[in-house]
2 protein chains.
Amino acid sequence: MEYKPTIEDVAKRAKVSIATVSRVINKQGGVRKKTEERIVKAINELGYIRSAVARSMKKKETNTIGIIVPDIRNPFFPSVVSGIERMARDKGYYTILSSTNESLIVEEEVVKIFIERGVDGVIITTANENGNHIKLLQEQGIPLVAIDRAIKRFEVDTVLVDNIKGSYQAVQHLILQGHKNIAIICGPQNTTPGFERLQGYKNALEEYNLPVNESFITNGDFMEESGYKATYKLFHLPKRPTAIFSSNNLMSIGCMKALMELEWKLGEEVSFIGFDDVEIATFITPKLSVVSRPMNALGEIAFQLLHDRIHSKESLPKREYLLSPELKIRESCRLNKLVF
Amino acid sequence: MEYKPTIEDVAKRAKVSIATVSRVINKQGGVRKKTEERIVKAINELGYIRSAVARSMKKKETNTIGIIVPDIRNPFFPSVVSGIERMARDKGYYTILSSTNESLIVEEEVVKIFIERGVDGVIITTANENGNHIKLLQEQGIPLVAIDRAIKRFEVDTVLVDNIKGSYQAVQHLILQGHKNIAIICGPQNTTPGFERLQGYKNALEEYNLPVNESFITNGDFMEESGYKATYKLFHLPKRPTAIFSSNNLMSIGCMKALMELEWKLGEEVSFIGFDDVEIATFITPKLSVVSRPMNALGEIAFQLLHDRIHSKESLPKREYLLSPELKIRESCRLNKLVF
DNA sequence: TAACCAAATGTAAACGTTTAGATTTTTCTT
DNA sequence: AAGAAAAATCTAAACGTTTACATTTGGTTA
């Protein structure tokens, strides 16, 4: 059965006009019961399925929202996406998801495609805060919400986690355990989380009158490999740090791998705390302490904001959510023996 | 700039007909250089972006493929999806992804929506092999490829990993280490991987003339919790197994959590091997042995098959790929001391 | 039972493209 | 320079809906 019946076929078979068929498909009422039954019967007999494409064409809405994430393999994002998806499905929206691998170019392309496809809104964790594509989106009047990473140059609804607070607390915890030589594995400094987590680190040191040692600040790109390399670098420093704070989950994993290879004893020779919980955290001995984020909530709120904006007639003011991360103290931050 | 320019606006501005504009948008050639320049200029000045919706309407193709997975939070799927996506983007296709949480109902709904939206093809890991939705897809003539889980009732292109072989090898390895009391944590028996992995387990036992002990066969649903519970059950058996084979990654994690709580010594009192590699594998002591699958390849092949089918005029025969899993021996399968 | 009214149904245009076929323009040939 | 051939361009229909507005139907009232 290659032939796809259209609303016209249904109309003919039920001996009514296409307008009435449309009316029953869309449950608009105002159709005599008997006619409706006839139409429903025709629909079933023909196996008619209405074309969302034609509908979108006329209504100028697609009930689709685009989601852009930098890396679908980072478990943080599936969790967020999962939150978005559940809410969206509930409201009759569907999601089209793209992972850009942190590529600015791919991200711009994806946005372009999303616009072509007429998405009703976009939720983005941008790899490219300053890109031209954000402007494009705004020019088209397409609602946008930024998640996890802010977009400062534009007025955009935003839902973030308090990175500064999170990393401040993490580093503070380390300090209170007596650590003075605390290293950080940074994320990219042109992203909100990368930048802010370094900021929180610095704030904590300053607060406790600890000097900032530039050699303890290592660069990473939120990928596992970079956490691994950074750890090696730290290990080979003339004066090693006694504690490491990693700016994200993947880099934490890389860091752990390096630690094992180097036989740099976690919890004894070096304490550790990471941003974002990781599956391995509770399987490593000692168990990893982490800053954990409410990922599902992040997604749900993001969709809610977007949905509001899609359906609001007047233009809403910019709204910002700042969720609190939670410090999960486990076992990887030990008292620094050197203190005593 | 709320107003969206159409092809007609471009045509007016460039003083040509919409047909010529269409020709340059689609790079079909046969347009004088000077005219083309004028048109391109007009496009840029107006910020024209062609409507994919209108285009799809006319061309009856959306350049979209639908992907259905049972659980986006299982890291196996992001990896597969990532493979699909990369290939797809390369060929100008976009993906719309839905995670069904193993729900048959959600899966049927999603398929319905995909059809409405006119996807050009579907890649599915079904939670519901026998569902009516598969038939629907076929009736509509929408190309379909099944991945990871077969759909036996219908003629469907399929790309699987050899589950029987994988679990056979895993269990064989355990047997060769001297284990006779080997337990399995099963997946749902109405899915290909769930069923086949049990089959491979049984085959191995039979091959080596070992009896099948029903109490060693525990039921799981591929979710972490069920692996956890199954392990507890095994632990409290009057006669404990000396080795456990877990049918998937999430259940392996659950199993590990239980092992730790129960202080059931991994590698000493109980050996372990799991289907699918997991992040935690190399962080646990002893390191977990696993059956690992080529996830990216899975996705890439699946897309390739789908793409072929979308573009082939004649109807292709059913094609099946069976990829080989790889046994990664690490440390969690020790010689069974009871042997000696 | 005629006239009227509300409810039900129908008509036709519009949404923004693509494309077959018609027409015009340019180029080539002699 | 005229005519033919080739190239460029245009016209108009079609894709499958939704919807404003027009028309018909059936029921109610006087």
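Remember, predicted model here, so these are calculated numbers, not experimental data.
- Among the atoms of the strands shown, only primed sugar atoms or phosphate atoms (P, OP1, OP2) are found under 4.0 Å from some heavy atom of A/S51.
- Judged by distance alone with a 3.5 Å cut-off, a donor-acceptor contact links the side chain of A/K58 to the base of D/dT18.
- Regarding contacts with the backbone of C/dT18, a side-chain N or O of B/S22 is found under 4.0 angstrom from either OP1 or OP2.
- Contact annotation for B/T6: backbone-only contact, meaning every heavy-atom pair under 4.0 Å involves sugar-phosphate atoms and none involves a base.
- Taking atom CD of residue A/E8 and atom P of nucleotide C/dA12, one finds them 13 Å apart after rounding to whole Å.
- Using a 4.0 Å cut-off between charged nitrogen and carboxylate oxygen, A/D157 and A/K318 do not count as a salt-bridge pair.
- B/K34 places its NZ atom 16 Å from the C1' atom of D/dA7, with the value rounded to the nearest Å.
- In summary, the side chains of A/T95 and A/R89 do not present any donor paired with an acceptor at a separation below 3.5 Å, with no hydrogens or angles considered.
- When the side-chain nitrogen and oxygen atoms of B/K60 are compared with OP1 and OP2 of D/dG16, one or more of them lie within a distance under 4.0 Å.
- Atom pair B/R23:CZ and C/dG16:P shows a separation of 21 Å (rounding to whole Å applied).
- Residue order along DNA chain C, read from the 5' end via each residue's closest nucleotide, puts A/G29 first among B/I25 and A/G29.
- Checked for salt-bridge contact, A/E300 and A/R86 meet the test: a charged N lies under 4.0 Å from a carboxylate O.
- Nearest nucleotide to the A/V16 side chain, out of C/dT17, D/dT17, C/dG10: C/dG10.
- Side-chain nitrogen and oxygen atoms of B/K4 include none within less than 4.0 Å of the OP1 or OP2 phosphate oxygen of C/dG16.
- Between B/Q28 and C/dT18 there is no side-chain N or O to OP1 or OP2 distance below 4.0 Å.
- In this structure, B/L46 atom CG and C/dG16 atom C1' are separated by 15 Å, rounded to whole Å.
- Distances shorter than 4.0 Å separate none of the side-chain N or O atoms of A/T20 from OP1 or OP2 on C/dT9.
- At least one side-chain nitrogen or oxygen of A/T35 sits closer than 4.0 Å to the OP1 or OP2 atom of C/dT9.
- In this structure, CG of A/N26 is placed 11 Å from C1' of D/dT19, rounded to the nearest angstrom.
- The existence of a salt bridge linking B/D308 and B/R319 is confirmed by a sub-4.0 Å separation between a basic side-chain nitrogen and an acidic carboxylate oxygen.
- In this entry the distance linking CD of A/E36 with C1' of C/dT9 reads 14 Å, nearest Å.
- No engagement by A/V53 is indicated, since no non-hydrogen atom pair under 4.0 Å with the nucleic acid exists.
- Residue B/M57 places its side chain closer to D/dG16 than to any other of C/dG10, D/dG16, C/dT18.
- Salt-bridge check for B/K112 with B/E116: failed, with every basic side-chain N at 4.0 Å or more from each acidic carboxylate O.
- When distances are taken from the side chain of B/S17 to each of C/dG16, D/dT11, C/dT18, the shortest belongs to D/dT11.
- A salt bridge does not link A/E129 to A/R153: none of the charged side-chain nitrogens sits closer than 4.0 Å to a carboxylate oxygen.
- For D/dT18, one of the phosphate oxygens OP1 or OP2 lies less than 4.0 angstrom from a side-chain nitrogen or oxygen of A/R50.
- When each of D/dA12, D/dT18, D/dA20 is scored by its nearest atom to the side-chain atoms of B/I18, the top-ranked nucleotide is D/dA12.
- Closest approach to the A/R32 side chain among C/dA20, C/dT17, D/dG26 is made by D/dG26 (side chain taken as heavy atoms from C-beta onward).
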